[in-house]
Every structure is written in structure tokens, then in C-alpha cells.
*Asks:* 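Structure in C-alpha cells, see below.
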Amino acid sequence: MDGKASRFRGLLHDAARQCARRQVVGAALAAVSVLLLLAAMALAGSGYDYSPLPRRLTELPAPLPAVTSAEMLPETPAALAAENRRLEAAAARLAPRAVYIVIDRANNRLRLMERDQVLLDAACSAGSGTVLNDPEGGRRWVFDTPRGMFTVQTKLVNPLWRKPDWAFLEEGKPVPKNDAERFEAGMLGEYALYFGDGYLIHGTLYERLLGRNVTHGCIRLGREDLRTVNRRCPVGTRVYIY
């Protein structure tokens with residue numbers, strides 16, 4: 001029994017020494033691996049870029065300029081009033097010096113103006129906005145009054161109306177080949193003021209329709225109002241239509 005016990009203790013002692021050697025070797029290998037990893041990171045870099053802190057306070061970025069309380073406040077009422085007066089004066093300088101015509105298509109009103117004074121406020125008739133298509137010729141007409149600034153280019157007394165093609169198509173009649181068959185007297189009233197692109201300010205036989213959008217683009221006026229406009233508006237008079 002004593003011999004067996006002695007051999008058993010010897011085996012345990014040998015096993016203990018082998019385990020100790022393995023632990024020492026493992027720890028050594030782990031230490032070597034850590035050193036190799038640190039060396040590799042030192043060579044390759046960590047991926048971050050670190051800037052050194054400034055040495056003196058003066059190396060810090062300059063601060064943003066201070067905003068005073070006056071700059072943060074809105075303009076004063078006095079400043080706004082002064083700006084409003086300046087804009088009104090500029091608008092007054094742009095206004096026509098002579099008599100001019102203003103036409104409101106939506107409400108069918110014609111106003112004869114001199115600066116900011118209304119000389120005449122009259123009912124008129126502007127374009128209807130309707131569309132007429134020519135089924136044979138493929139043509140198309142939109143009967144609307146144009147918007148913009150125009151001038152009176154020509155003035156006519158007792159003008160004749162030269163009926164365009166669309167007038168015959170509306171009546172269901174063939175377009176005449178003889179041009180003399182196109183002219184009709186009395187349809188445009190006593191006077192006509194031509195302001196371009198075939199558009200006129202003229203009279204009408206149908207004064208009961210004034211105030212409605214019923215024309216083919218021209219502006220119709222009643223007899224007395226047309227007389228006033230013709231008398232006060234020479235060639236070159238400005239016409240503003242909106």
C-alpha cells in the first residue's frame with residue numbers, strides 16, 4: 001500500500017508541474033499577441049485624427065460679432081412712414097402726366113383719368129372670352145380683350161366696320177369673295193379709337209348690354225361717354241387694361 005501511495009503522489013506531482021508549465025506558456029503567448037497587435041496599430045494608425053489643443057487662448061477661433069438690441073428690433077413706425085412716402089413719390093413720378101384711360105375688364109368699367117382724378121367713370125363692355133372654331137378651315141378665335149398698356153394710335157369719325165371672317169361664320173353665312181360686301185355703317189357708333197392689334201374703343205347699337213362681357217374683344221361705350229373720351233383723348237393717349 002505504501003508503494004502504491006508513493007507512486008500516486010508522484011504522478012500527481014508530475015501532473016501539477018505540467019499544468020503550471022502550460023499556464024506559463026499560455027500567458028507568455030497572450031502577452032506576445034497583445035504586443036504584436038499594438039505594434040500593428042501603431043504602424044497602420046487607428047483611423048482617428050487628433051489635433052493638438054491650442055497653446056494660448058489667442059489661438060482659439062475669433063468670436064462672432066455681437067448683435068446689438070437695436071439691430072434685432074424691427075423698423076420704427078417713423079422709418080416705415082418715411083419709406084412709404086418715398087415709394088409713393090416714386091410711383092407718382094411714373095404716373096402719366098396727361099389724361100389716360102383705365103379699363104377694368106372684369107367689372108366692365110372704363111375710367112378717364114388725369115393723375116389721380118377721375119374725369120369719367122362709365123359702364124363699358126369688354127370681350128366675352130368665348131371661342132369660335134372654323135369647322136372647315138380649322139381656324140380658331142378667342143374673343144377676349146387683351147391686358148396691358150397700349151396707346152391710341154388712330155381716331156376715326158363715323159367708322160365703317162369691315163366684317164371679319166368670323167362674323168360671317170357666326171351668322172352662318174359664307175365668307176364673301178368681294179371685299180366690298182364686308183363693310184357695314186353705323187355698327188361702331190360715331191367714333192372709334194384704335195389702340196392696336198385690331199382692337200377699338202367704339203360705340204354700339206346695343207347700349208342695353210353695356211356692363212356685360214359680350215364683345216369680340218373691342219371696348220364698347222355708350223354714346224355720351226364715347227363723345228367725352230373722343231374729345232379728351234388725342235392720339236398717343238395711354239390705355240391701361242387689366
Side-chain angles (χ1 to χ4, degrees), residues 80-132 141-164 166-167 182-242:
L80 292 174
E83 178 65 10
N84 186 56
R85 289 193 296 270
R86 186 188 69 80
L87 294 175
E88 287 180 347
R93 288 193 296 270
L94 295 175
R97 301 291 181 182
V99 172
Y100 59 98
I101 298 170
V102 178
I103 298 172
D104 178 352
R105 306 183 314 162
N107 295 300
N108 289 292
R109 304 299 300 182
L110 181 146
R111 294 178 178 86
L112 188 61
M113 306 288 297
E114 186 172 15
R115 294 185 180 272
D116 58 350
Q117 182 181 0
V118 179
L119 304 179
L120 174 69
D121 187 350
C124 66
S125 286
S128 63
T130 57
V131 178
L132 176 66
W141 293 273
V142 179
F143 299 128
D144 204 1
T145 300
R147 291 179 293 184
M149 186 189 75
F150 307 88
T151 57
V152 174
Q153 300 178 18
T154 307
K155 295 175 64 175
L156 304 172
V157 179
N158 294 320
L160 291 176
W161 182 37
R162 183 184 182 278
K163 294 177 65 174
W166 53 257
R182 291 179 177 269
F183 291 93
E184 289 188 9
M187 295 295 293
L188 303 180
E190 295 177 329
Y191 306 101
L193 289 76
Y194 176 73
F195 60 90
D197 295 332
Y199 296 102
L200 304 164
I201 299 173
H202 62 77
T204 178
L205 296 175
Y206 310 103
E207 292 195 9
R208 67 184 185 278
L209 298 178
L210 291 173
R212 304 181 188 179
N213 294 91
V214 294
T215 80
H216 297 90
C218 290
I219 300 297
R220 298 178 187 173
L221 276 177
R223 177 178 296 179
E224 295 303 321
D225 294 331
L226 181 62
R227 288 174 177 175
T228 300
V229 170
N230 181 72
R231 183 176 68 254
R232 299 296 302 266
C233 297
V235 171
T237 298
R238 295 277 183 91
V239 181
Y240 300 91
I241 304 177
Y242 68 96

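Computed from heavy atoms alone, side chains included, the values below leave out hydrogens, waters and symmetry copies.
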*Asks:* To check you understand the geometry: which heavy-atom pair defines the closest contact between P159 and G189, and what is its length?
*Replies:*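 Looks like CD-O, 3.4 Å.
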*Asks:* Looking only at heavy atoms, what is the nearest atom pair of L221 and A122, with distance?
*Replies:*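 Of all heavy-atom pairs spanning L221 and A122, the closest is CD2-CB, 4.2 Å.
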*Asks:* Main chain of R109, side chain of N107: is a donor-acceptor contact present, judged purely on distance under 3.5 Å?
*Replies:*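 Not a single qualifying donor-acceptor pair exists.
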*Asks:* In Å and rounded to the nearest 0.5 Å, what is the CG to CG distance from L112 to L119?
*Replies:*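 Reported to 0.5 Å precision, the distance equals 5.0 Å.
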*Asks:* Test your reading of the model: is there a side-chain donor-acceptor pair from T215 to the backbone of G217, 3.5 Å cut-off?
*Replies:*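 Side chain of T215 to backbone of G217, a donor-acceptor pair under 3.5 Å: yes, one is there.
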*Asks:* Indicate yes or no: at least one non-hydrogen side-chain atom of L160 is less than 4.5 angstrom from one of E184.
*Replies:*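 L160 does not reach E184 side chain to side chain.
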*Asks:* More than 12 heavy atoms of other residues, nucleotides or ligands under 6.0 Å from CG of D116: yes or no?
*Replies:*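 Incorrect, the count does not exceed 12.
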*Asks:* Check ring pair (Phe, Tyr, Trp, His ring centres under 6.0 Å) between Y240 and all other residues, then give those that pass, not counting sequence neighbours.
*Replies:*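 Counting only residues at least two positions away or on another chain, Y240 forms a ring pair (Phe, Tyr, Trp, His ring centres under 6.0 Å) with Y100.
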*Asks:* Are M187 and K163 packed together at the side-chain level, in the sense that at least one heavy-atom pair is separated by less than 4.5 angstrom?
*Replies:*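 M187 does not reach K163 side chain to side chain.
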*Asks:* For N158, check side-chain hydrogen bond (donor to acceptor under 3.5 Å, both in side chains) against everything at least two apart and list the hits.
*Replies:*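 Expected list: none.
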*Asks:* Can you tell me if S125 uses its side chain to pair, donor with acceptor, with the backbone of L209 under 3.5 Å?
*Replies:*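 It does hold such a pair.
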*Asks:* Quick one: ring pair (Phe, Tyr, Trp, His ring centres under 6.0 Å) partners of Y199, sequence neighbours excluded?
*Replies:*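 Partners of Y199 under the ring pair (Phe, Tyr, Trp, His ring centres under 6.0 Å) test: none.
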*Asks:* For the pair N213 (side chain) and G127 (backbone), establish whether a donor and an acceptor sit closer than 3.5 Å, ignoring hydrogens and angles.
*Replies:*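 It does hold such a pair.
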*Asks:* Does a salt bridge link R223 with E207, judged by any charged N lying under 4.0 Å from a carboxylate O?
*Replies:*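 Here R223 does not pair with E207 in a salt bridge, since their nearest N and O are not under 4.0 Å apart.
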*Asks:* Are more than 12 heavy atoms from other residues, nucleotides or ligands located less than 6.0 Å from atom OH of Y206?
*Replies:*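 No.
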*Asks:* If I take atom CG from residue L110 and atom CZ from residue R105, how far apart are they, to the nearest 0.5 angstrom?
*Replies:*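 Between L110 CG and R105 CZ, I get 14.0 Å after rounding to 0.5 Å.
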*Asks:* Report yes or no: does K155 contribute a side-chain atom to a donor-acceptor pair with the main-chain N or O of Y194 at less than 3.5 Å?
*Replies:*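 Flag not set: sc K155 to bb Y194 has no pair under 3.5 Å.
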*Asks:* Less than 4.5 Å apart, any side-chain heavy atom of L226 and any of E224?
*Replies:*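 No, every pair of side-chain atoms sits at 4.5 Å or beyond.
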*Asks:* Can you check whether A126's main-chain N or O pairs, donor with acceptor, with T145's side chain at less than 3.5 Å?
*Replies:*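 Here the side-chain-to-backbone pair does not exist.
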*Asks:* Can you name the closest pair of heavy atoms from G211 and A123 and give their distance?
*Replies:*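 For G211 and A123, the tightest heavy-atom pair comes out as N-CB, 4.4 Å.
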*Asks:* Starting from the C-alpha separation in whole Å, work towards a yes-or-no answer on side chain to side chain contact (heavy atoms under 4.5 Å, CB included) for L120 and V229.
*Replies:* CA-CA 8 Å; L120 174 69; V229 170; 3.9 Å; yes
*Asks:* Rounded at 0.5 Å granularity, tell me how far NE2 in H202 sits from CD in E190.
*Replies:*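 Between atom NE2 of H202 and atom CD of E190 there are 14.0 Å.
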*Asks:* Should T228 and N230 count as side-chain neighbours, where that means a heavy-atom distance under 4.5 Å?
*Replies:*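 They are not in side-chain contact.
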*Asks:* What is the ring orientation for W166 with W161, classed by angle as parallel under 30°, tilted 30 to 60°, or perpendicular over 60°?
*Replies:*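 Judged by the thresholds at 30° and 60°, the geometry between W166 and W161 is tilted.
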*Asks:* Quick check for you: to the nearest 0.5 Å, what is the distance between N84 atom CG and L80 atom CG?
*Replies:*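 Answer for the CG-CG pair, N84 versus L80, is 8.5 Å.
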*Asks:* Side-chain contact test, heavy atoms from C-beta onward, threshold under 4.5 Å: evaluate it for T154 versus F195 and give yes or no.
*Replies:*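 When only atoms from C-beta onward are counted, F195 and T154 do not touch, as no gap falls below 4.5 Å.
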*Asks:* State plainly whether the residues R85 and E88 are in salt-bridge range, i.e. N to O under 4.0 Å.
*Replies:*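 The answer is no: the pair does not qualify as a salt bridge.
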*Asks:* Look up atom CZ in F183 and atom CZ in R162, then write down how far apart they are to the nearest 0.5 Å.
*Replies:*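 So the CZ of F183 and the CZ of R162 are separated by 5.5 Å.
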*Asks:* Between V118 and M113, is a side chain to side chain contact (heavy atoms under 4.5 Å, CB included) present by the stated rule, with each step listed?
*Replies:* CA-CA 5 Å; V118 179; M113 306 288 297; 3.5 Å; yes
*Asks:* Evaluate the criterion side chain to side chain contact (heavy atoms under 4.5 Å, CB included) for residue pair I103 and I219; output intermediate values, then yes/no.
*Replies:* CA-CA 9 Å; I103 298 172; I219 300 297; 3.8 Å; yes
*Asks:* Can you name the side-chain contact (heavy atoms from CB on, under 4.5 Å) partners of V157, sequence neighbours left out?
*Replies:*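 Testing V157 for side-chain contact (heavy atoms from CB on, under 4.5 Å), a comparison that skips the adjacent residues, returns Y191.
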*Asks:* Answer yes or no: is there a donor N or O on one side and an acceptor on the other, between the side chain of S128 and the main chain of V214, under 3.5 Å?
*Replies:*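 No: the side chain of S128 does not pair with the backbone of V214.
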*Asks:* Identify the residue among L156, L205, L200 that makes a side chain to side chain contact (heavy atoms under 4.5 Å, CB included) with L188.
*Replies:*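 It is L200; the other options fail the test.
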*Asks:* Rounded to the nearest 0.5 Å, what's the gap from CZ on R220 to CD1 on I201? Could you check?
*Replies:*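 The distance works out to 14.0 Å.
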*Asks:* Of all residues at least two apart in sequence or in a different chain, which pass the side-chain contact (heavy atoms from CB on, under 4.5 Å) check with R97?
*Replies:*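 For R97 the side-chain contact (heavy atoms from CB on, under 4.5 Å) partners, ignoring immediate neighbours, are R115.
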*Asks:* Determine whether V152 and P234 make a side-chain contact, defined as any pair of heavy atoms from C-beta on separated by less than 4.5 Å.
*Replies:*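 Not touching, per the 4.5 Å side-chain cut-off.
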*Asks:* Go through the structure and list residues passing side-chain contact (heavy atoms from CB on, under 4.5 Å) with V142, not counting sequence neighbours.
*Replies:*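 V131, R140, D144.
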